[in-house]
Amino acid sequence: MSKNQIALADRVTQIKPSPTLAVNAKAKALKAAGADILNFSVGEPDFDTPEHVCAAGKKAIDDGHTRYTAVPGIPELRDAVVNRFKEDHGWQYTPEQIQVSCGGKHGLYNIFQAIINPGDEVLIPAPYWVSYPPMVQLAGGTPVIVPMEEKDDFDLNPDILAKYVTGKTRAIIVNSPSNPTGSLLSGSALDAIARLAIKNNWLVITDDIYETMTYTDDALPHILDVDGRMKEQTVILNGVSKSFAMTGWRIGYSAGPDHIIKAMNKIQSQSTSNPSAPAQYAALAALTGPQDFPQTMIEAFLPRRDFFVSDLNAIDGVSCVNPNGAFYVFPNFSSYYGKSFKGNAINDSVALADYFLDEAKVASVPGIAFGADDFIRFSFATSMDVLQEGMNRIKDALAALS
Ligand code: PMP
Ligand code: GLU
């Protein structure tokens, strides 16, 4: 570092760039340079945004919706979110209790900025989505990682949770279906969380971004349904990125108590002002139009999941929980740790994911990024041909280790 190079803020040096986006960028760059890469890294549907949604975005531009909007989002979109919650779940929210943000990710950022003080602890069940701990840290809080176990199908065990509760616990984040495991939280786990939250006055942040993507006919248990009192202590995070294949449009939304949404709006007014106006009109078309699109994706994903999970479990020494939601598998490869390729030992998930990329040309995300080093995440939101070819390469790569 030269003498005149400006030093960075401590908060930046504490965190790393998003590993999911980093692997995706690397895979894309290798592919652009001509390498035959199969990309199972980033989590985004391999579907195009529905046509009527794109048309609404284009029309918004033609209609002149190209200026700043209200900070929490256009009223029509907030009304549409209110209606979705009412129709889909029977939950009652007012438009003032809704914030539209620049993607679900920024909604989460706003939530943590609104409620965390330095030293506050936020419980994060692991495996967790990569961005939760850094977002808590950027807000000055302390992420407290609560392990969930493969043998429990990655459901939260209330006895384990209880061990991580302290006087500084302020909030817990739940994500069901989960990224990266695809597991759903059971009603009994949510019940235990609600009891602790009510007793200790915690906020529950429920990241429901994959709620439309489940592979079971059973209703998805939700914290708001286990105890009516939880509405006062819950912020819901959702968005259209996954459910309507709109990752690039950057529209998410949150719902919660008036004072928390108001605080989040204050932060949004001083940071992004509002999400992109045309994208909000596109999201409006998504939430008010036909609601069968997520089901179309689920029907396409189901055979891919079945293929990937059964083939992974058939590999000697590999175990893979069958995901009941989202579009990820999270197999355990730890029995391969300690083996070598051409004299280089593979001792952790980063080394194994690097090996898959270098030798098998398969891009995946090391489990350590999700707080679980025994595992590797693969997204199966890609074609069956790619999955089959990828599976062959993974098997060959594992067989080449000694
Ligand atoms: N939560 C989870 C669990 C996710 O996987 C993602 C990733 N897309 C998000 C939130 C944020 O989604 P987006 O910002 O694309 O709306
Ligand atoms: N959520 C997706 C994933 O986990 C997109 C990348 C990101 O936002 O980190 O791959």
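Side-chain atoms are counted along with the backbone in the values below, which use heavy atoms only and exclude waters and symmetry mates. For ligands, and for the atoms within them, numbers begin at 1 and follow the listed sequence.
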For [atom], what is the nearest protein heavy atom, given as residue, atom name and distance?
atom: atom 2 (C) of ligand 1; result: D207 OD2, 3.3 Å
atom: atom 12 (O) of ligand 1; result: I209 CD1, 3.8 Å
atom: atom 9 (O) of ligand 2; result: T20 OG1, 2.6 Å

### Query
Quick one: is the NZ or CZ of R377 closer than 6.0 Å to the six-membered ring centre of F370, and within 45° of its axis?
no

Atoms of ligand 1, numbered as shown, that sit under 4.0 Å from any heavy atom of [X]:
X: Y132; answer: 3 (C)
X: K105; answer: 11 (C), 13 (P), 14 (O)
X: N179; answer: 3 (C), 4 (C), 5 (O)
X: G103; answer: 14 (O), 16 (O)

Pairs of nitrogen or oxygen atoms closer than 3.5 Å, one from [X] and one from ligand 1: do any exist?
X: Y328; result: no
X: K242; result: yes
X: G104; result: yes
X: H106; result: no
X: N175; result: no

Between [X] (side chain only) and [Y] (backbone N and O only), is there a donor and an acceptor less than 3.5 Å apart?
X: D258; Y: I260; value: no
X: Y93; Y: V81; value: no
X: E389; Y: M384; value: no
X: T234; Y: M230; value: yes
X: N332; Y: S334; value: yes
X: N39; Y: A27; value: no
X: R78; Y: G73; value: yes
X: S176; Y: S178; value: no
X: Y215; Y: A326; value: yes

### Query
Which bit of V365 is near ligand 2, meaning a heavy atom under 4.0 Å away: side chain, backbone, both or neither?
neither

### Query
Is it the case that more than 12 heavy atoms not belonging to D62 sit under 6.0 Å from its CG atom?
yes

### Task
Give a yes or no on this: more than 12 heavy atoms of other residues, nucleotides or ligands lie within 6.0 Å of atom NZ of K231.
yes

### Message
Counting the benzene-type ring for Trp, do Y132 and F112 have ring centres under 6.0 Å apart?
### Response
no

### Message
Can you confirm if the aromatic rings of F375 and Y328 lie within a centre distance of less than 6.0 Å?
### Response
no

Looking only at heavy atoms of [X], does any of them come nearer than 4.0 Å to an atom of ligand 1?
X: G239; result: no
X: T247; result: no
X: W249; result: no

Nearest heavy atom to [atom] wins, so pick from [options].
atom: atom 14 (O) of ligand 1; options: R250, M246, E44; answer: R250
atom: atom 9 (C) of ligand 1; options: Y253, Y210, W129, Y128; answer: W129
atom: atom 4 (O) of ligand 2; options: T247, N179, N24; answer: N179

Which of the atoms in ligand 2, numbered in the order shown and given with their element, are less than 4.0 Å from a heavy-atom of [X]?
X: K105; result: 7 (C), 8 (O), 9 (O)
X: K242; result: 1 (N), 2 (C)
X: S18; result: 9 (O)
X: R377; result: 3 (C), 4 (O), 10 (O)
X: V42; result: 5 (C), 6 (C), 10 (O)

#### Entry: Qualifying residue, where the test is side-chain contact (heavy atoms from CB on, under 4.5 Å) with I98 and the options are I261, L77, V82
V82

### Query
Is there any N or O on V130 that sits under 3.5 Å from an N or O of ligand 2?
no

### Message
Does ligand 2 come near enough to S41 that some N or O of the ligand is less than 3.5 Å from an N or O of the residue?
### Response
no

